[in-house]
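Here the structure is a predicted model, which means the values were calculated and not measured. Each chain gets a letter, A, B and so on, in the order its sequence line appears, and its residues count up from 1.
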Amino acid sequence: MYITDTAKEYCSLRDRIFEKLYDHLNDMQRQAVLTTQGPLLVLAGAGSGKTTVLTNRVAHIVRFGDAYQSNYMPKSLTDQDIMALEDYLKDLNAGKKELPEEVEGLLALRSVYPSGILALTFTNKAAREMKERIFRLVGEDAAAIWISTFHSTCVRILRRDIEKLGYTRSFVIYDDTDQLTVIKECLKELDINEKYFPPKEVRAAIGSRKDELKSPEDYAKEVHGQYREEKLARIYAAYEARLKKNNALDFDDLLNKTLELFYLHPDVLNYYRNKFRYILVDEYQDTNFAQYMLVKLLSDTYGNICVVGDDDQSIYRWRGADIRNILEFEKDFPHTRVIKLEENYRSCQNILDAANQVIRHNTHRKEKSLWTKRGKGEQIRICRAFNEQQEAEFVCNEIKRHISTGGRVGEVAVLYRMNAQSRVLEETFMKYAVPYNIYGGLRFYDRKEIKDIIAYLRLLDNPADDVSLQRIINVPKRGIGSATLASLQEAAVQRNLSILDMILDLDTNMVLSGRTAERVKEFGRLISELTVEKDARPLTDFIDYLLQETNYRSALEEDNSIESESRLENIMEFVSAAREFENNNPEGGLTEFLENIALVSDIDRMEEDTGEGKSSVSMMTLHSAKGLEFSIVFLVGLEEGLFPHARSMDSEEELEEERRLCYVGITRAKNRLYLTYTNQRTLYGSPSLNIPSRFLKEIPEELTEDVSMQLGGSGGYGRKSRGVPVSGAGAYGYAASGPEQAGYSRRAGFRAPGLASSARLDGQSASRPAATSGGKEGRFQPGDKVYHTKFGNGTVVAMEGEGSNLTLKVAFIQGGIRSFIAELAPLKKV
DNA sequence: TTGGTGGATCTTTTT
DNA sequence: GATCCACCAA
């Protein structure tokens, strides 16, 4: 192309303007923002400003369209234009970022409609956050951009065209509990024993097939001749048929049916792929095959696909995420530009070094190394405790010390591998009156009473929904038991009707008789009546009416227990959630409300989600901590068998995922990181002896400092850890501050029914020696290398029980973890 | 049909 | 230790 001097000058000015305009970004970030054309892979390490890049990139596209990097230039550039650009650059240098319209016209050469941008996330929270930040950058234009989760995006597409696939627009979305119900029905129908095909396993199998986009027919062909798999294929087929009959989609279907729609109706696909000129994907390392396909298909016309992610933070393999998507992105999308963001704005260098060192032990990854301009910061503090009670006391003491020196509790987080670990922490925090807040666990919309109400609503919205009907036909008790239900169901299948249709026309169908028939008919009348009222009343009003007419509320009120009281409270909460929805979506009806519940179910978190301004310590699993940051982080339970989890220890791939989880945990900390582990821990009811996690050993000693507690007199523990001399261990004397029973209030906000009362933690028999077993089995210790006549060499990773019940868990070099009764097993130390 | 009991099982979770 | 579920008695 012939380039004039004016054009050259234009380009150089444009470059300098953008550099100045984005001088709040580092070089790599700026590159990522300005690279708008073609495939782009941004490898964004933890805390490297990933969201900043995404939002600025979207804003840049909205404001300047295809300007940068494209061959487009203003058709006729005048000297005046050049002068205008020069003036603007001067303004910028003087700190004035306001963009005059004529300059914008010179820079933005081909405009892009905001509605031509699609940004995909995994969680609603991420979508919400991105939307807000883009709004702040570009104002009203942000409203037209498609920023939402994969699932919401698919629902939006499906609501328009799903009739082409033979569903109605008021389809329901089944969650995993509903899936189990359907699977159990299928097993019954096919006369398959649940023992040999546990519903949960079947669900996982079906889920995997769906992730791979395999239909029941595909699968059946593939496994032809294999008995078990063939059965699974039949269950899968029955499952699909039932969902369709119920006019229901599961979560996987939201993606798969969208793809199906695209395959069967290319006109629909073409509409969207021509519409979305720019596509961005957040957390790309978490995508599964279906999501990959969706992105691949939609980006085909323009090829402007930008994915942001961190392979080191891929922790959802077990949920279908395929790390290969990010590792092989460059192969899948030729001519990809790769940009690595390695500068970290969150943590001190010691913390980053620890993270870098741990993750280095993984083999399948893209080489990255985090660094910061901040200093080294504090040493990483490692504490060995005798048992989990003591571990929790240590955490409490440290937090109290932090508070007494002017620190805030909101800056602190305690992270653990399993939810079960939260109990002891919770009890101890209560005892010491440290306010805390547990995130995760049972979600609001998963509570029994809430699911019941939702089931009523779903049935009314979609009378074909047999699953919801089964849930509530006898809730509250109406004397309709499983036998009645079974015969109704069978008859419905025979006549190819929904169960509700059967019930409403029971006289013609003649399935039941006498008292039972009367009760069922009564239920039918109730539903008919509600169906009429549903359209006659506003949403909130109707839900209230429903609670009344079904006797759901009165049944709870009569119950008079603490539990039912909390259930009633939750129902009130639900009603106010409905009211809020009604206010925010005056147009939305029942269908929209239910969709909102299925897809946007995090009202629990929203209330308290105020980051470090909170007035309580945050406790959560490592998985839920992804994406968050805290000044002070406690990573507890770093023991072999717990973290890495025993279930993950028999495959290298799963072990690497555990290591990534550890990496995620470490990189949550901004200023101070504690790592704790115990010698003994009660898990699943019986005590076990543990050895420190291998991840601890992967952190260089010069980054760490031992702060183990000194036990009152019993010695031995806390003296030394991994050869590091104890520095002033006494300063952390545990029992330094006694329990303060009062103080703690439920304000910290857990709503779980009927807990709070069981804080009997008197005295604590913590210093009693472990179940170390005298006698001959005492010869074994966790960490011992052993030889088994059948399985060969291995290491004792855990011990449980005592005396003749003492069992050893041994990790064998070949063939995983096995448990043995110590007395009986042909094991010897080597 | 309901309610009680013994036995097995026990990661991680968003949509 | 806690929960879920299949099975059995009333």
Would you kindly give the [atom1]-to-[atom2] distance between [X] and [N], to the nearest whole Å?
X: A/Lys195; N: B/dT9; atom1: NZ; atom2: P; answer: 10 Å
X: A/Tyr316; N: B/dT13; atom1: OH; atom2: P; answer: 7 Å
X: A/Lys626; N: B/dT13; atom1: NZ; atom2: C1'; answer: 11 Å
X: A/Leu485; N: B/dT2; atom1: CG; atom2: C1'; answer: 15 Å
X: A/Arg478; N: B/dT1; atom1: CZ; atom2: P; answer: 14 Å
X: A/Asp175; N: B/dT14; atom1: CG; atom2: C1'; answer: 12 Å
X: A/Arg319; N: B/dT13; atom1: CZ; atom2: C1'; answer: 5 Å
X: A/Lys200; N: B/dA8; atom1: NZ; atom2: C1'; answer: 12 Å

Looking at [X], does any N or O in its side chain come under 4.0 Å of the phosphate oxygens OP1/OP2 on [N]?
X: A/Tyr684; N: B/dT11; answer: yes
X: A/Asn124; N: B/dT15; answer: yes
X: A/Asn419; N: B/dT13; answer: yes
X: A/Arg443; N: B/dT15; answer: no
X: A/Thr149; N: B/dT14; answer: no

Output for pair (A/His361 NE2, A/Leu655 CG), nearest 0.5 Å, gives 11.5 Å
Any chance you could measure A/Ser152, atom OG, to A/Ile157, atom CD1, to the nearest 0.5 Å? 11.0 Å
Among B/dT11, B/dT1, B/dT15, the nucleotide that comes nearest once only the side chain of A/Ser648 is considered: B/dT11
Side chain to side chain contact (heavy atoms under 4.5 Å, CB included), that's the test. Do A/Glu391 and A/Arg681 meet it? Break it down for me. CA-CA 10 Å; A/Glu391 179 184 52; A/Arg681 181 181 296 275; 3.1 Å; yes
Trace of the side chain to side chain contact (heavy atoms under 4.5 Å, CB included) decision for A/Arg203 with A/Tyr239: CA-CA 10 Å; A/Arg203 181 179 63 192; A/Tyr239 171 85; over 6 Å; no
If you measure from the ring centre of A/Trp318 to the centre of the six-membered ring in the base of B/dT12, is it under 5.5 Å, with the planes under 30° apart? yes
Going by 5.5 Å between centroids and 30° between planes, is there a stack of A/His645 over B/dT11? yes
Contact class for [X] vs. all strands (heavy atom < 4.0 Å): base, sugar-phosphate, or nothing?
X: A/Glu283; value: nothing
X: A/Leu661; value: nothing
X: A/Glu658; value: base
X: A/Phe251; value: base
X: A/Thr682; value: nothing
X: A/Glu194; value: sugar-phosphate
X: A/Gly685; value: base
X: A/Asn474; value: sugar-phosphate

Inspect the surroundings of CD in A/Glu490 and state if more than 12 heavy atoms from other residues, nucleotides or ligands are less than 6.0 Å away. no
If you count heavy atoms of other groups shown closer than 6.0 angstrom to CD of A/Glu653, is the number above 12? no
Would the base of B/dT12 count as contacting A/Arg417 through its side chain, where contact means a donor and an acceptor less than 3.5 Å apart? yes
Which of parallel (below 30°), tilted (30 to 60°) and perpendicular (above 60°) describes A/Phe695 and A/Phe643? perpendicular
Assign B/dT12 to syn or anti; the rule is syn for a glycosidic angle within 90° of 0 and anti otherwise. anti
Can you see which heavy atom on A/Thr591 is nearest to which on A/Arg169, and at what distance? CG2-O, 4.5 Å
Going 5' to 3' on DNA chain C, which nucleotide is the first and which the last to come under 4.0 Å of a heavy atom in chain A? C/dG1 to C/dA6
Which sits closer to the 5' end of DNA chain B, A/Phe150 or A/Gly481, going by the nucleotide each is nearest to? A/Gly481
I want to confirm an ordering. Mapping A/His151 and A/Ser482 to their closest nucleotides on DNA chain B, which one lands closer to the 5' end? A/Ser482
Derivation and outcome, side chain to side chain contact (heavy atoms under 4.5 Å, CB included), residues A/Val467 and A/Val182: CA-CA 7 Å; A/Val467 169; A/Val182 176; 3.4 Å; yes
